[in-house]
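As structure tokens, the structure follows; a few thoughts come after it.
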Amino acid sequence: MKEKIEGLRAEIESAMEVVETSRSLYELKLKFQAELKTVMSGMKDLPKEDRPTFGKIVNEFKQSMEEKFEARAVVVRQKEMEQKYASERIDITMPGKTREQGALHPITLVKNELIDIFAGMGFKVFEGPEIETDYYNFTALNTPKDHPARDMQDTFYLAENLLLRTQTSAGQIRVMEKETPPIKILSPGRVFRSDDDATHSPMFHQMEGLVVDKGITLCDLQGMLAEFARKMFTEATKVRLRPSYFPFTEPSVEVDLSCSECGGKGCRLCKGTGWIEVLGAGMVNRHVLENCGVDPDEYTGFAFGMGVERIAMLKYGINNIKTLFENDTRFLKQFEE
Ligand code: PHE
């Protein structure tokens with residue numbers, strides 16, 4: 001019996017020395033407890049008078065082993081902590097990770113500014129679909145099939161009567177069909193034309209404006225555009241209207257602003273003229289009003305449409321429209337507010 005105990009002690013003690021983790025130490029303890037139980041169960045075979053002495057020995061053995069387990073546990077835990085610290089060690093002298101901060105795209109900045117300016121004059125925002133029917137994009141805008149003005153815009157057709165809108169003017173029809181005047185809407189959006197060079201992109205943004213009410217005249221258009229020019233560029237910016245042609249406006253005008261670069265003296269930006277063309281506009285053609293169920297003898301209106309990229313290029317002095325679509329962050333960063 002004694003030998004058994006000594007054997008068990010030697011076995012467990014040597015095993016304990018190589019144990020490195022709390023988990024295997026715990027497993028070793030379970031094994032020890034199981035074997036101790038077997039030893040104790042042998043006690044019933046001992047002569048009765050030897051049992052108390054032996055019981056004492058077993059108890060002492062059990063107690064001393066438990067102390068050893070406890071002492072070993074402290075060492076093992078210490079080792080485990082050291083390992084954990086080592087693996088989680090961080091070098092506080094390393095340079096930190098910097099997070100790039102996002103910023104609004106110049107097109108978005110200009111679009112938001114335009115909305116702010118016109119919202120201040122009472123305009124509400126309406127957004128029409130980018131895929132349009134031939135009717136909304138052309139026919140209802142007084143541009144039936146075979147009308148020569150269709151050649152002004154090279155159109156991407158998706159199907160016989162379905163296309164990528166070439167102008168946000170399509171939204172004018174959608175608004176006038178649904179609402180009764182007074183109407184005062186601003187319609188921003190992407191438009192598409194098969195056009196591609198330094199100042200044209202096949203996808204670009206427009207901002208459309210439409211006002212319909214009793215007694216609206218070209219003077220109202222001119223006044224509103226003058227206000228827009230002063231707010232968007234400088235107080236000194238002037239507006240000039242030139243006769244033009246659009247099928248959906250009559251009369252139609254091309255609108256120039258005095259050059260913000262040279263103040264009208266003439267420079268490279270305005271090609272020496274002192275003026276820069278920024279938008280198309282006019283009085284809503286009575287056929288268009290009729291097409292939308294608005295009585296042209298009761299109501300008149302004006303509409304304008306401008307290129308957002310064009311305004312951004314003028315405002316920030318950008319000379320190639322492509323830089324607005326390449327998304328080179330070194331370029332875009334310059335417009336952070
Ligand atoms: N839709 C025209 C264009 O894209 C611009 C315009 C809008 C002209 C509204 C007159 C009135 O060229």
Side-chain angles (χ1 to χ4, degrees), residues 111 114 118 123 125-130 132-144 147-156 163-176 183-196 199-213 216-225 228 239-257 276-289 291-292 294 296 299-313 321:
K111 183 177 121 182
L114 285 169
F118 284 100
F123 283 75
V125 172
F126 165 84
E127 285 185 69
E130 290 175 6
E132 265 299 4
T133 61
D134 188 273
Y135 177 76
Y136 283 104
N137 196 81
F138 288 124
T139 309
L141 285 163
N142 202 31
T143 324
H147 191 291
R150 284 211 181 193
D151 293 343
M152 285 162 77
Q153 301 170 359
D154 258 326
T155 311
F156 291 114
L163 46 82
L164 293 178
R165 67 175 172 199
T166 59
Q167 49 189 355
T168 43
S169 303
Q172 287 184 30
I173 307 300
R174 292 188 175 271
V175 171
M176 283 191 282
I183 289 170
K184 214 172 178 186
I185 60 115
L186 194 64
S187 190
R190 264 190 278 267
V191 299
F192 307 84
R193 291 180 199 178
S194 183
D195 226 352
D196 205 1
T199 51
H200 295 88
S201 155
M203 183 285 292
F204 61 102
H205 299 75
Q206 278 190 337
M207 186 66 81
E208 188 89 6
L210 173 72
V211 175
V212 183
D213 202 353
I216 296 289
T217 70
L218 204 61
C219 290
D220 298 310
L221 170 68
Q222 186 157 20
M224 216 161 256
L225 291 176
F228 144 75
V239 175
R240 177 174 85 169
L241 307 189
R242 278 181 293 112
S244 183
Y245 174 77
F246 298 104
F248 38 91
T249 45
E250 181 59 37
S252 300
V253 293
E254 209 88 63
V255 181
D256 297 339
L257 300 186
I276 291 173
E277 183 195 320
V278 291
L279 57 99
M283 298 305 291
V284 181
N285 190 306
R286 56 186 294 126
H287 294 312
V288 175
L289 295 173
N291 289 342
C292 304
V294 177
Y299 294 105
T300 51
F302 68 72
F304 61 83
M306 61 181 96
V308 179
E309 281 78 3
R310 180 141 182 85
I311 303 287
M313 288 168 81
I321 194 169

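Read the numbers this way: they start at 1 and go in the same order the structure lists the ligands and their atoms. All values below were derived from every heavy atom in this structure, side-chain atoms included, with hydrogens, water molecules and symmetry-related copies excluded. Every value quoted in this text rests on a predicted model; they were computed, and no experiment measured them.
- Only backbone heavy atoms of Ala281 (N, CA, C or O) come within less than 4.0 Å of ligand 1; its side chain stays farther off.
- Scanning all protein heavy atoms for the shortest distance to atom 7 (C) of ligand 1 gives Gly305 N, 3.3 Å.
- Applying the side chain to side chain contact (heavy atoms under 4.5 Å, CB included) rule to Glu127 yields the partners Val125, Pro188; only residues at least two apart in sequence or on another chain are considered.
- Looking at Phe304 against ligand 1, only its backbone comes within 4.0 Å, counting heavy atoms.
- For Gln206, a nitrogen or oxygen atom sits less than 3.5 Å from a nitrogen or oxygen atom of ligand 1, counting backbone and side chain alike.
- A distance of 6.0 Å or more separates the ring centres of Phe228 and Phe304.
- Of the listed residues (Thr155, Asp195, Asn137), just one forms a side chain to side chain donor-acceptor pair (under 3.5 Å) with Thr166, and that residue is Asn137.
- With respect to atom 6 (C) of ligand 1, the closest heavy atom belonging to the protein is Gly280 O, 3.7 Å.
- The closest approach between Phe302 and ligand 1 stays at or above 4.0 Å for every heavy atom of the residue.
- For ligand 1, the atoms closer than 4.0 angstrom to any heavy atom of Ala303 are 9 (C), 11 (C).
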- Message: Please determine whether side chain to side chain donor-acceptor pair (under 3.5 Å) holds for the pair Glu254 and Ser244, giving the CA-CA distance in whole Å, both sets of side-chain angles, and the decisive distance to 0.1 Å.
- Response: CA-CA 6 Å; Glu254 209 88 63; Ser244 183; 3.0 Å; yes
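- No N or O atom of Thr249 sits closer than 3.5 Å to an N or O atom of ligand 1.
- Evaluation of the side chain to side chain contact (heavy atoms under 4.5 Å, CB included) rule for Arg286 yields Glu290, Pro296, Asp297 as partners, not counting sequence neighbours.
- A donor-acceptor pair is defined here as one N or O able to donate and one able to accept, closer than 3.5 Å; no such pair exists between the side chain of Arg310 and the backbone of Leu279.
- In terms of N/O distances under 3.5 Å, ligand 1 is approached by Arg193.
- Separating the CZ atom in Phe138 from the CD atom in Glu132 is a distance of 10.5 Å, to the nearest 0.5 Å.
- In terms of N/O distances under 3.5 Å, ligand 1 is not approached by Glu208.
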